[in-house]
Every structure is written in C-alpha cells, then in structure tokens.
Number of protein chains: 2
Amino acid sequence: MAHAPAASDGTAIFEQAEHDHAHCVDQALHVAEAICTREGARLTPLRRQVLELVWRSHEPIGAYDVLARLQREVQTDGTDGRPAAPPTVYRALDFLLKHGLVHRIESLNAYVGCAHPQQDHSGQFLICQECGNAAEIEDDTISKAIRDNARRIGFTVDRVTVEVSGRCPRCTGAPHA
Amino acid sequence: MAHAPAASDGTAIFEQAEHDHAHCVDQALHVAEAICTREGARLTPLRRQVLELVWRSHEPIGAYDVLARLQREVQTDGTDGRPAAPPTVYRALDFLLKHGLVHRIESLNAYVGCAHPQQDHSGQFLICQECGNAAEIEDDTISKAIRDNARRIGFTVDRVTVEVSGRCPRCTGAPHA
DNA sequence: TCAGGTAATGTTATAAAGTAACGCATGACT
DNA sequence: AGTCATGCGTTACTTTATAACATTACCTGA
C-alpha cells in the first residue's frame, strides 16, 4: 500500500495492509533528516511533525486534516498542541514538497510521503477509489514515453503529474501476475 | 495550441496562436450535438453555452470564470444574462465531463474543451506555464505504459490523469524536430 | 389535454482549499 | 551586541466546490 517499504517494481505495493507502519514512519523521518542536512535545509520541529503526520496517515491526507491533527497532538506526545492556522501547514507542506519529501496528489488535493525521496522525480500514483490508498510507482517506460513525446513537440518539461484512479488488487480481489 | 484543430501526432499543436478559433468552436459544438444525440443526452442551451464558453477560452478556464462570462452573456448575443450561481456551472461542467466533451485539468482546477471527443479517453496535457495554453495529446505509448504497469500490479484502471507542466516551443523560442 | 413523474435549473447557504499581508521571534553570522 | 534572514503566528480573505431544497421544463400515458 501507500507507505509500504518502497518496492519500485510495484509488485508488492498494495500487499501489506497491516505492516508495521510505525517503522516506515521512523525510517522516512530519518531519511528526511539526512536529506535536509545534506541540502542545508532546516527540518524544524514543526516541519518534522507535519511530515510525520503525513506519513502516519495511510492514505493521502488533506492540508486541513494535517492541521486538525497538528492541533490535537497535545495528548499524544509531549509536543504541546499548536495553535496552528492554515498558513502554518501550507508552509510546512511547501517546504516538504520543495525538498521532495512529500508529493501532492492533484486529483485529491492531498499529500503523501514520498517513497523514494533520494531520487529527483515527480511521482506517479495508482490511487484506489475503494480503500483510498495511493501507491507511488516509478516506471521509466512511462517517464520516458512522456519525455519523448514532449521532446518531439519541443516542449520543455518542468513537472509531470501521473495519477491513475481505479481499484487496487486487494479491493478487486483479483490475483495479479 | 489548446484548441487548434486536433493534431494527434502532436506536431503542430502549439503552432497556430492566431488561427480562426471561432471555427474551432463551431465545429466543436456541432460534434457535441452529434455526440449527445447519439447518446440520447440533452445538450440544453445552458450546457451548450457553457461548452461554448469553455471552447472560446484559449486557455483552460476555471469554473468561476465560466460563471462570470455566463452572467455577462446578455450584451453579446440574444441569450439573456443568466442569474447563474456556482452549482449551475458545476452541473453543466459535470455533464460535459461525463460525455467527454471537456476535460478537467486537475493541476489547474480548470477545464478545456476536449480535442477528440469521439474517442473514449482520459486526456493527456502539456501545459505551458508561460502562455497558459494546454495542448491535449494522445500518446499510445504513454497510455500503454500506464496500462501495462497497472496490469502487472493487478490494478484496475478507471481514470488516468497525465499533466505535464513546462514551456511550449513558442515560449522557449526553441525549434523542434 | 392534463396528471404525474423525471430531469434540469434556480437559489441559498455553507464547506473545503488555499493565500496575502504583516509582525514577532529566533538563531546565525559578523 | 547588532543586524539580517528565516521561520512561524495571526488575521483576514479569496477561490473552489457542494449540500439541500425549491421551482421549472419536458415528456409520457390516460
């Protein structure tokens, strides 16, 4: 599923509904730290917390949902609940987007943790309409086909959005090759 | 460009900035009539007018812009200016979307007339960040790559969104092969 | 031709998503 | 210590979209 350990061949992407997600989150946070350090960017407590909230969600999460959870974070951990307002969240998300730590799903107005933050890429997503999960794939054939087409026309590519809605194998019950 | 006569090889898509767009619009409306008749759908005056407004715009147009123009349509033609409210426009757009007469560009929250309403397809778009034009392409290699990937994972595809932002050849000044 | 249903549109109100603008705080560098 | 940039708080607002209900238009069979 969305945040299963990266499997770039796509095979097991929608498989483990019940994996240890906390572990994924931790790992993602560590990688994020590393990336920010490398890039001289500041992963502040707030940004870190937003990233964590995005990752914790099993499905793409909207900015206002992040906001709501951010405000509730008092009880849970030590972080005192923030008196956050929308700009707070949007700024954090913008930061995370800029550094490739999250992706935005345009067709859902929602955000997901990036599964391969190491590489520079625009995400490609398979989004299940039933369970809501979004699997990030990275298919070179798709990317290449798009780049080729653009080049033929003389179009300079900046950002590529590929979002496929449908049913994941778990939800169709269909076996997959 | 966006509404140039369909060129599915993509070649001349961004070429004619100053073509006779009125002609495109007319043609699109005729085709739309035909399609609706064939499908037993009612292309009411309102829907027709919304479709026309979308087509008249050289760039993807937002629902609220359509609304504004709809309200101004008094002076222009005989159609008395409608006291339209948002739902009016959104309903018309939904109808047009359902029948494949327009596409929605998710990354812009905007709509464009469909260049090949005959065929069933989700659109693929090259969107110029400078001039705002959106060229609809239909590249089988891209579609196929996406379908193949989905099939491999066992994912049932419903709708595919491909949106490429960048610079069109006119705006880069770059020649194209 | 008119009763009754269905589809389309009008109308009001509100929800959801996103941003502008300004000011304070923090901490990084001189 | 001073100052400068960055991050965040806060207020207010814009833009985009929809829910819910009223009304009208249109079609169909008695």
Side-chain angles (χ1 to χ4, degrees), chain A residues 32 36-37 39-51 53-54 57 59-71 73-74 79-99 101-112 132 161 163, chain B residues 32 36-37 39-54 57 59-71 73-74 79-99 101-112 132 163:
Chain A
C36 286
T37 302
E39 300 187 5
R42 294 174 53 198
L43 189 61
T44 64
L46 175 66
R47 290 166 175 173
R48 198 190 143 88
Q49 200 178 357
V50 168
L51 179 58
L53 287 170
V54 170
S57 166
E59 304 163 20
I61 183 176
Y64 277 75
D65 287 334
V66 173
L67 178 58
R69 296 186 193 185
L70 195 56
Q71 290 163 338
E73 284 281 305
V74 208
T79 6
D80 20 287
R82 305 196 178 253
T88 300
V89 169
Y90 280 104
R91 283 191 288 232
L93 288 172
D94 285 346
F95 170 88
L96 298 170
L97 280 171
K98 190 168 76 181
H99 292 280
L101 301 172
V102 302
H103 288 292
R104 175 180 162 84
I105 311 241
E106 298 291 347
S107 57
L108 298 176
N109 295 337
Y111 302 81
V112 289
T161 301
E163 296 173 12
Chain B
C36 286
T37 302
E39 300 186 5
R42 293 174 54 201
L43 188 62
T44 64
L46 176 66
R47 290 165 173 171
R48 197 191 143 87
Q49 199 178 358
V50 169
L51 179 58
E52 182 175 347
L53 287 170
V54 170
S57 165
E59 303 163 22
I61 182 175
Y64 277 74
D65 286 334
V66 173
L67 178 58
R69 294 185 193 186
L70 194 56
Q71 290 164 337
E73 282 282 304
V74 209
T79 7
D80 20 287
R82 307 193 178 255
T88 301
V89 168
Y90 280 103
R91 283 190 290 233
L93 288 171
D94 285 346
F95 170 89
L96 297 171
L97 280 171
K98 190 168 75 183
H99 293 280
L101 301 172
V102 302
H103 288 292
R104 176 180 162 82
I105 311 243
E106 298 291 347
S107 57
L108 298 176
N109 296 335
Y111 302 82
V112 289
E163 297 173 11

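What's counted below: heavy atoms across the whole structure, side chains too, no hydrogens, waters or symmetry copies. Note on naming: letters A, B, ... go to the chains in the order of the sequence lines (proteins, then strands), and numbering restarts at 1 for each one. Note that the structure is predicted; figures quoted are calculated from it, not measured.
- Phosphate contact (OP1/OP2 of D/dG7, side-chain N/O of A/T44, threshold under 4.0 Å): absent.
- When rounded to the nearest whole Å, the span between CG of A/D94 and P of D/dT6 equals 16 Å.
- Between B/Y64 and D/dT15, a side-chain N or O to OP1/OP2 separation shorter than 4.0 Å is absent.
- A donor-acceptor contact shorter than 3.5 Å is absent between the side chain of A/R104 and the backbone of A/L97.
- Nearest nucleotide to the B/A85 side chain, out of D/dT11, C/dT11, C/dA8: C/dT11.
- Rounded to an integer number of Å, the gap from B/E106 CD to C/dG18 P is 12 Å.
- Of the listed nucleotides (D/dT18, D/dT11, C/dA17), C/dA17 has the atom at the smallest distance from the side chain of A/N109.
- Contact check, B/R104 against D/dT16: no side-chain N or O comes under 4.0 Å of OP1 or OP2.
- Atom pair B/Q49:CD and C/dA8:P shows a separation of 17 Å (rounding to whole Å applied).
- Side-chain contact check for A/L53 versus A/I61: every heavy-atom pair is 4.5 Å or farther apart.
- As rounded to whole Å, 13 Å separates atom P of C/dA17 from atom CG of A/L93.
- One can place CZ of B/R91 at 14 Å from P of D/dA20, the figure rounded to the nearest angstrom.
- The CG-C1' distance, from B/L96 to C/dA8, rounds to 13 Å in whole Å.
- Closest-nucleotide positions on DNA chain C for B/F95 and A/L108 were compared, and the one nearer the 5' end corresponds to B/F95.
- The distance between atom CZ of A/R48 and atom P of D/dC8, rounded to the nearest whole Å, is 14 Å.
- Remark: the B/E163 side chain and the B/S107 side chain contain an N/O donor-acceptor pair separated by less than 3.5 Å.
- For A/P86, whose side chain is taken as the heavy atoms from C-beta onward, the closest listed nucleotide among D/dT10, C/dG18, D/dA17 is C/dG18.
- To the nearest angstrom, P of D/dT10 lies 18 Å from OH of A/Y90.
- If you take CD on B/E59 and CD1 on B/I105, they are separated by 11.0 Å, rounding to the nearest 0.5 Å.
- From B/R47, atom CZ reaches atom CG of B/D94 across 10.0 Å, with rounding to the nearest 0.5 Å.
- Counting distance only, with no hydrogens placed and no angle test, the side-chain atoms of A/R42 and the base atoms of C/dG27 include no donor-acceptor pair under 3.5 Å.
- When the nucleotides C/dG18, C/dG10, D/dA17 are ranked by their closest atom to the side chain of B/L46, C/dG10 comes out on top.
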